[in-house]
Amino acid sequence: MIPLASLQRTAEELMAKAAIEIPDDYLAGLRRAADAEKGELSAFVIRAMLENYEAAKHDRRAMCGDTGVPRWYVKFGNEARVEGGPVALEAALRRATANATRNVPLRPNRVHPLWRTDHDNNCGIGAPEIEYAFHPDADWIDLITVHKGGLFGTDYRMLFPADGLDGIKRFYLDTLIQFGKRGLACQPAIVGIGLGGSKDICSVLGKQAACLRVVGDRNPDPRIAAIEEEFIELGNAIGMGAMGFVGSSMVIDCHIEVGYCHTGGMPMSVHMFCLSSRRACARIFADGTAEFRTDPMWFTDYMRRSTVEWRAPAAAAAE
Ligand code: SF4
């Protein structure tokens with residue numbers, strides 16, 4: 001049984017790591033972009049950000065003044081048990097968020113949408129978001145925190161199946177140009193695209209694609225992987241670089257996740273994981289020990305399973 005105290009301690013450590021230490025995969029991607037960028041202002045921004053990450057790590061301070069909106073992803077091994085059960089786990093994650101807001105510190109960004117009430121701790125109705133998933137044959141729990149920035153860097157459109165790949169490309173490019181021109185999310189970014197699902201799941205998939213896959217990771221479907229690679233090139237060919245300045249470094253990586261959708265539509269969402277691509281992960285074992293890593297390992301074969309173990313009734317009747 002995983003002790004609750006270990007879980008909360010690990011959660012607080014994760015909150016600090018996410019806010020302060022840029023993940024290695026994004027850092028390596030940004031260094032490659034810095035080497036390739038020819039646009040003067042764009043290259044200047046990237047170099048300044050690389051220095052900023054170093055300073056944040058050295059001073060143990062948040063890498064951006066806007067510390068985003070902390071959220072949690074929890075993956076339960078099927079055999080995992082937590083002291084106090086899932087309700088206690090959820091309370092521990094909310095407490096860890098509030099404690100980290102005070103101790104890291106994080107900016108208390110969360111307010112009531114109408115009354116702007118601020119509890120000064122990033123907790124409120126529906127905040128922080130906590131998403132759950134499961135994994136077979138395991139007794140650990142994976143905790144992942146993402147401090148998503150880029151407040152306006154998200155868009156959604158319902159396409160028709162006949163729009164095809166050209167329609168997907170058009171919406172992708174329209175979105176990048178709008179985001180770049182209007183400064184809606186600090187680039188270079190990891191772009192996540194959700195294709196399919198219902199409207200809500202399409203958005204969930206796109207955000208997870210942006211935040212929960214590491215730079216360089218490709219979708220296991222080779223046809224989708226090829227689109228991801230094409231989209232990185234396309235996104236970096238629109239003439240905009242870091243922060244929308246002239247250049248060629250808008251996109252550090254592009255990840256696409258799909259979900260089955262209604263036959264009449266093709267929902268699509270686009271999400272930017274901004275210059276502060278903040279995520280931190282740990283696996284907590286039954287004895288309470290934690291292993292920290294930077295790869296969320298969220299999209300497993302199990303997470304992407306396609307259908308049920310099922311045989312057509314005719315085949316079953318023939319036996
Ligand atoms: S978009 Fe990202 S890098 Fe830009 S201000 Fe917001 S959190 Fe900071």
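Atoms within each ligand, like the ligands themselves, are counted from 1 in listed order. The first residue in the sequence is number 1, and the count goes up from there. The model shown is predicted, which means the values in this text are computed figures rather than measured ones.
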Can you report which non-hydrogen protein atom sits closest to [atom], along with the distance?
{"atom": "atom 1 (S) of ligand 1", "value": "Gly150 N, 3.2 Å"}
{"atom": "atom 8 (Fe) of ligand 1", "value": "Cys64 SG, 2.3 Å"}
{"atom": "atom 4 (Fe) of ligand 1", "value": "Cys186 SG, 2.3 Å"}

Donor on one side chain, acceptor on other, Ser249 and Ser42, under 3.5 Å
yes
Looking at ligand 1, would Arg278 count as a contact under a 4.0 Å heavy-atom criterion?
yes
Check whether any N, O or S atom of Cys274, backbone or side chain, sits closer than 2.8 Å to atom 8 (Fe) of ligand 1.
no
Counting only heavy atoms closer than 4.0 Å, does ligand 1 sit against the backbone of Ser276, its side chain, both, or neither?
both
For a side-chain hydrogen bond (donor to acceptor under 3.5 Å, both in side chains) check, start with the C-alpha distance between Thr294 and Asp24, then their side-chain angles and the critical distance, and finish with the verdict.
CA-CA 7 Å; Thr294 52; Asp24 288 342; 5.3 Å; no
For ligand 1, which atoms, with element, lie under 4.0 Å from some heavy atom of Gly149?
7 (S)
Neighbour count above 12 (heavy atom, 6.0 Å) for His112 NE2
yes
Under 4.0 Å between a Lys/Arg side-chain N and an Asp/Glu carboxylate O for Arg102 and Glu12?
no
Is it true that Arg60 and Glu21 make a salt bridge, defined as a side-chain N closer than 4.0 Å to a carboxylate O?
yes
For the residue pair Phe231 and Tyr172, categorise the inter-ring angle as parallel (less than 30°), tilted (30 to 60°) or perpendicular (more than 60°).
parallel
